[in-house]
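Only one structure is covered here, and it is reproduced in the block below.
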Protein chains: 2
Amino acid sequence: MDARHDRSDFSNAKFDSGWSLRFSAEPAMHKPERAKLFSYHHRALILEEGDKASSVFEVLEGGVILFKLLPDGRRQIIEVLGVGDVFGLSATDVSDVAAEALTQVRVAVYDKRVIDSDAALRDRLFARLRQQMCALHDHALLLGRKSAQERVATFIMRLVPDRGGFACAGPKPGEGATRVDLAMTRQEIADYLGLTIETVSRAFSALRRTGIIAYDKQDAVAIGDVCRLCRLTGSH
Amino acid sequence: MDARHDRSDFSNAKFDSGWSLRFSAEPAMHKPERAKLFSYHHRALILEEGDKASSVFEVLEGGVILFKLLPDGRRQIIEVLGVGDVFGLSATDVSDVAAEALTQVRVAVYDKRVIDSDAALRDRLFARLRQQMCALHDHALLLGRKSAQERVATFIMRLVPDRGGFACAGPKPGEGATRVDLAMTRQEIADYLGLTIETVSRAFSALRRTGIIAYDKQDAVAIGDVCRLCRLTGSH
DNA sequence: CGCGGACTTGATCTGTCTCAAGTGCCGTGG
DNA sequence: CCACGGCACTTGAGACAGATCAAGTCCGCG
């Protein structure tokens, strides 16, 4: 292991923002006003790298992945977005990433002028952007410094609401196994975590073998002891 | 190599935003109004993970690195910031990253209320944030999918102004070797690129051996043929 | 001149990738 | 109802890029 900076008293546990993903529509979702609404089906391409995109997209329901391709076909999934997340704003008026629907998806598209004229909307989108920025920071740490096992453990933890982060609630007394829906294929998980599909598969198998997770359908995972999984993320 | 998605006709060259870094003060820098000004010397810690930070920091002169630590001491440098870049805004009012001065640095710190009341300032900071978001996207691709050699080549290219990106000017006729100042130690480069110091050193040595770069002092690099280096980044 | 810190280089180790078979499941058609 | 094909996933064996361990070298500074 390289890059050890001695801070043995230090843990970033309490600073981990503990963001997590939700694909189901928010019950009391902000009503989108002055926005165009679009729907996309599972796996539909919403935006390509280089598409003109000066508007802001907000996910109302479902999941979206943002990815980039290298000329030789290598793919990196940059962000996995859930309800409330935003995309489409790049430095230029051309998108720097491609966007694909992970599930059936509903999005609101706001014109630049609408955003300029609506302070509340702007604040909401901006707050979310800051949240996504933190997620990108976390993910850079994962991609640059975590082992395959730690990456997969971190990935699963991100799907558990209210756990593993900054304000982790701890296990609710008498709570059974937590169930999470991966909503991504092994290939997509691999492209997100900077691994190969085989390495991801082996990491899942290893977690299952040690009894930390269980699953029959491979995308519906039951976590017996969330804290035990959390300890494998490398962050705590 | 995994994750090949056949798009043989595709190149992301034209979408690469080609952001680059500048550490010297902008000649016609926006005059910071209603902001507190601070200076930090080389290697000074500006912000720690977990520090209260609800204000926005803007780099006026010099370079800043943002990084995260894992409890066992592994470090990942998340962003390398130059003049005009911003930091300090996280999802909560607590910083999710630490910030350190890479050089002698001058920063402006804006209070939240000042930003709310000044549309021009807000637009400027927001535009820069979008730019940094694109840089984070690019960097995720680098960390997740590029080889050591490609990472180092990409790193050096980012220090070359106006080249390798979206709107690459191409070589100026009659232009000699381009000189860039790395401004970072090998350890910092390694922590930024998700590699070890030895691997970074070997990559630099290999580039020198093949004549693509030259250097005496190890942080002052001369690039004979920028296009040749650019072809090693994996992006083009 | 001698020391320390940053870098380089070599030798070896190892985690992840690559290549190659599987296995399981689900939908289709006989 | 079952055979079939296709796709996603799993598993194993071996290769290899990059990490680790261990000397060096270079250079600035007291």
Side-chain angles (χ1 to χ4, degrees), chain A residues 1-6 42-43 70 72-76 102 142-153 155-156 181-210 213-221 232 234, chain B residues 1-6 42-43 70 72-76 102 142-153 155-156 181-210 213-221 232 234:
Chain A
M1 206 110 281
D2 67 308
R4 297 192 173 269
H5 298 253
D6 270 346
H42 187 236
R43 294 293 102 107
L70 252 14
D72 66 1
R74 281 174 282 177
R75 180 172 77 157
Q76 179 65 38
L102 200 51
L142 178 148
L143 292 173
R145 292 298 180 209
K146 288 191 178 182
S147 71
Q149 197 62 240
E150 289 170 337
R151 293 180 200 205
V152 171
F155 173 72
I156 300 173
D181 177 19
L182 302 185
M184 288 164 81
T185 65
R186 294 283 186 268
Q187 181 64 65
E188 285 162 344
I189 297 170
D191 286 350
Y192 184 41
L193 301 181
L195 300 169
T196 59
I197 188 173
E198 295 96 331
T199 301
V200 171
S201 184
R202 277 186 250 271
F204 270 97
S205 298
L207 286 174
R208 172 148 77 166
R209 214 174 314 115
T210 54
I213 63 172
Y215 54 92
D216 297 316
K217 262 183 91 276
Q218 67 268 11
D219 56 350
V221 171
L232 297 178
Chain B
M1 206 109 283
D2 68 308
R4 296 192 174 268
H5 298 253
D6 270 347
H42 188 235
R43 290 300 99 109
L70 252 13
D72 65 2
R74 282 174 281 177
R75 180 172 77 156
Q76 178 65 38
L102 198 54
L142 178 148
L143 293 173
R145 291 298 180 209
K146 287 191 177 182
S147 71
Q149 196 61 241
E150 290 170 337
R151 292 180 201 206
V152 171
F155 174 73
I156 300 173
D181 177 19
L182 302 186
M184 290 164 80
T185 66
R186 293 283 185 268
Q187 182 64 65
E188 285 162 342
I189 297 170
D191 285 350
Y192 184 41
L193 301 181
L195 299 169
T196 60
I197 187 173
E198 294 94 333
T199 300
V200 170
S201 185
R202 276 185 250 272
F204 270 97
S205 298
L207 285 174
R208 172 148 76 167
R209 215 174 312 116
T210 55
I213 63 172
Y215 54 91
D216 297 316
K217 262 183 91 277
Q218 67 269 10
D219 56 350
V221 171
L232 297 178

Could you run down the sub-3.5 Å N/O contacts of the protein with nucleotides 24-27 of chain C?
none

Please enumerate all protein N or O atoms sitting under 3.5 Å from an N or O of nucleotides 7-13 of chain D, with distances to 0.1 Å.
{"unit_1": "D:dC9", "atom_1": "OP1", "unit_2": "A:R186", "atom_2": "N", "d": "3.4"}
{"unit_1": "D:dC9", "atom_1": "OP2", "unit_2": "A:R186", "atom_2": "N", "d": "3.0"}
{"unit_1": "D:dT10", "atom_1": "OP1", "unit_2": "A:R186", "atom_2": "NH2", "d": "3.3"}
{"unit_1": "D:dT10", "atom_1": "OP1", "unit_2": "A:Y215", "atom_2": "OH", "d": "3.3"}
{"unit_1": "D:dT10", "atom_1": "OP2", "unit_2": "A:R186", "atom_2": "NE", "d": "2.7"}
{"unit_1": "D:dT10", "atom_1": "OP2", "unit_2": "A:S201", "atom_2": "OG", "d": "2.6"}
{"unit_1": "D:dT10", "atom_1": "O5'", "unit_2": "A:S201", "atom_2": "OG", "d": "3.0"}
{"unit_1": "D:dT11", "atom_1": "OP2", "unit_2": "A:S205", "atom_2": "OG", "d": "2.6"}
{"unit_1": "D:dG12", "atom_1": "N7", "unit_2": "A:R202", "atom_2": "NH1", "d": "2.8"}
{"unit_1": "D:dG12", "atom_1": "O6", "unit_2": "A:R202", "atom_2": "NH2", "d": "3.2"}

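Whole-Å rounding puts the B:L207 CG to C:dT9 C1' distance at 16 Å. Nucleotide C:dC7 holds its C1' atom 13 Å from the CG atom of B:L182, rounded to whole Å. Rounded to an integer number of Å, the gap from B:L193 CG to D:dA17 P is 19 Å. To the nearest angstrom, P of C:dT16 lies 13 Å from CZ of B:R145. The interatomic distance linking B:I213 (CD1) with C:dC7 (P) rounds to 14 Å, in whole Å. A straight line from NE2 of B:H42 to C1' of C:dG5 spans 13 Å, rounded to a whole angstrom. Going from atom CG of A:L142 over to atom P of C:dT16 covers 12 Å, rounded to whole Å. Between the CZ atom of B:R43 and the C1' atom of C:dG5 there is a distance of 13 Å, given to the nearest Å.
For the side-chain hydrogen bond (donor to acceptor under 3.5 Å, both in side chains) test, no residue two or more places apart in sequence or in another chain qualifies with B:D181. A search for side-chain hydrogen bond (donor to acceptor under 3.5 Å, both in side chains) contacts involving B:R209 returns nothing, not counting sequence neighbours. Under the rule for a side chain to side chain contact (heavy atoms under 4.5 Å, CB included), the partners of A:R186 that lie at least two apart in sequence or sit in another chain are A:L182, A:I189, A:I197, A:V200, A:F204, A:Y215, A:Q218. Scanning for side-chain hydrogen bond (donor to acceptor under 3.5 Å, both in side chains) contacts around B:T199 gives B:T196, with sequence neighbours left out.
Within the model, atoms CG of A:L232 and CD1 of A:I213 stand 10.5 Å from one another, a figure rounded to the nearest 0.5 Å.
Using a 4.5 Å heavy-atom threshold, the side chains of B:Q149 and B:L207 count as touching. Counting heavy atoms from C-beta on, the side chains of A:R145 and B:D191 come closer than 4.5 Å. Between A:L143 and B:Q76, every side-chain heavy-atom pair lies at or beyond the 4.5 Å cut-off. Residues B:L102 and B:R43 meet the side-chain proximity criterion, which asks for heavy atoms closer than 4.5 Å.
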